[in-house]
Amino acid sequence: MSQRPITNVPPPVVALLALGLAAQIAIKVAAPPPRAAAEDLPPAPSIAALRLASFGDPVALAKALMLYLQAFDYQSGSKVPYRDLDYGRLEAWLARILELDPRGQYPLLAASRLYAEVPVETKQRRMLEFVYRQFLLDPDRRWPWLAHATAIAKHRLHDLPLALRYAQAIQRYAVAENVPLWAKQMEIFILEDMNELEAARIMLGGLLERGEIRDPNELRFLQQRLKELDQRVKSGVK
């Protein structure tokens, strides 16, 4: 079908079209930008429904859901700050994803390094506790995220008792050979920060006696720390 040149269109029709286009542009410019509400994060489906939807490949579905969840702050061109998300629903989504793929690490990485670092203390604490509970289900693989949670509790929340609880859990339950000594030593240094010098001295002495430390530099460093603790305990210096 041949096309007529625009010069053949009557001027009143062209003017009408131009007016309509201008009106559309004006409405678009004047309209407020689309806003996404944090509470729009839907409730997490049941694990039974998710397994049915996975068609026998729960790991692939878990990865897809994690991408969906992490990108949820972008909705209709707007950004919802992570701090405004409904953390009850967020926690449920993360738990479901871990149920689908228990060996997956990304949900706990996001929980400890993304969602737990928002400037809202109640939400920080909620994520840290989520990481702690999930750590207990697989300590030898999930200890890095609880170690990061320990650092947040100590340096961001300034809650030494909470940091100590997490550090004690790592020391007690993460027993695999690939768990580094620095992770197991966190309890000692937090005890020292809390002025629990005698407890720190006993723990450090026990660590050295077990002969688990192979690195000469680390061994010398800890031996020096033990001497300093002995001196502080004897002198009563806090």
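- Counting only residues at least two apart or in different chains, salt bridge (charged side-chain N to carboxylate O under 4.0 Å, His left out) contacts with residues 95-110 comprise R96-E99.
- The CD atom of Q224 lies 9.5 Å from the CG atom of L226; values are rounded to the nearest 0.5 Å.
- A distance of 5.0 Å separates CD1 of I188 from CE of M203, quoted to the nearest 0.5 Å.
- The side-chain heavy atoms of L219 and L208, taken from C-beta on, include a pair separated by under 4.5 Å.
- For the pair M127/S112, no side-chain contact is recorded, criterion being any heavy-atom separation below 4.5 Å from C-beta on.
- Comment: D138 engages R141 in a salt bridge, judged by a side-chain N to carboxylate O separation of less than 4.0 angstrom.
- Closest approach of L61 to A53, counting heavy atoms only: CD2-C, 4.3 Å.
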Worked check of side-chain hydrogen bond (donor to acceptor under 3.5 Å, both in side chains) between Q70 and Y106: CA-CA 10 Å; Q70 190 172 352; Y106 198 72; 2.6 Å; yes
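- Partners of Q168 under the side-chain hydrogen bond (donor to acceptor under 3.5 Å, both in side chains) rule, at least two apart in sequence or in another chain, are E187.
- For F189, the CZ atom counts as densely surrounded, since its 6.0 Å shell holds more than 12 non-hydrogen atoms of other residues, nucleotides or ligands.
- Put simply, the side chain of E129 reaches to within 4.5 Å of the side chain of Y166, judged on heavy atoms.
- Taking all atoms of both residues into account, the shortest heavy-atom contact from A95 to F130 is N-CZ, 3.8 Å.
- The cluster map of Ile, Leu, Val, Met, Phe, Trp and Tyr, joined by side-chain heavy atoms under 4.5 Å apart, puts I152 and W182 in the same cluster.
- When all heavy atoms of A183 and I170 are compared, the closest pair comes out as O-CG2, 3.8 Å.
- Annotation: side chain of V59 is not in contact with side chain of L100 (no heavy-atom distance under 4.5 Å).
- The salt bridge (Lys or Arg N to Asp or Glu O under 4.0 Å) check on R125 picks up E121, D159, with sequence neighbours excluded.
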Intermediate values then yes/no, side-chain contact (heavy atoms from CB on, under 4.5 Å), R142 and L98: CA-CA 12 Å; R142 296 177 175 177; L98 283 170; 4.0 Å; yes
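- Scored by the salt bridge (Lys or Arg N to Asp or Glu O under 4.0 Å) test, R133 finds E91 as partners (sequence neighbours excluded).
- By the 4.5 Å heavy-atom criterion applied to side chains, L69 and Y115 are counted as neighbours.
- Residue Q124 comes nearest to A116 through the heavy atom pair CG-O, 3.1 Å, listed as atom of the first residue, atom of the second, then distance.
- Closest non-hydrogen pair, R89 versus P42, comes out as NH1-CA, 3.9 Å.
- Under the 4.5 Å side-chain criterion, counting only non-hydrogen atoms from C-beta, F135 is not in contact with P144.
- Side-chain atoms of R201 and E192, non-hydrogen and from C-beta on, never get closer than 4.5 Å to each other.
- Taking all atoms of both residues into account, the shortest heavy-atom contact from L229 to L204 is CD1-CD2, 4.0 Å.
- Among residues at least two apart or in separate chains, side-chain hydrogen bond (donor to acceptor under 3.5 Å, both in side chains) pairs with a member in residues 144-154 are Q105-W145, R113-H148, E117-H148, K154-D193.
- With sequence neighbours left out, D140 forms a salt bridge (Lys or Arg N to Asp or Glu O under 4.0 Å) with no residue at all.
- Taking CG of L136 as the reference point, atom CZ of R172 lies at 10.5 Å (rounded to 0.5 Å).
- Side-chain contact between Q134 and L146 is absent, with no heavy-atom pair separated by less than 4.5 Å.
- Aromatic ring centroids of Y68 and W93 lie under 6.0 Å apart.
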Please step through side-chain contact (heavy atoms from CB on, under 4.5 Å) for the pair R232 and N195, ending with a clear verdict. CA-CA 10 Å; R232 292 173 66 185; N195 287 324; 4.1 Å; yes
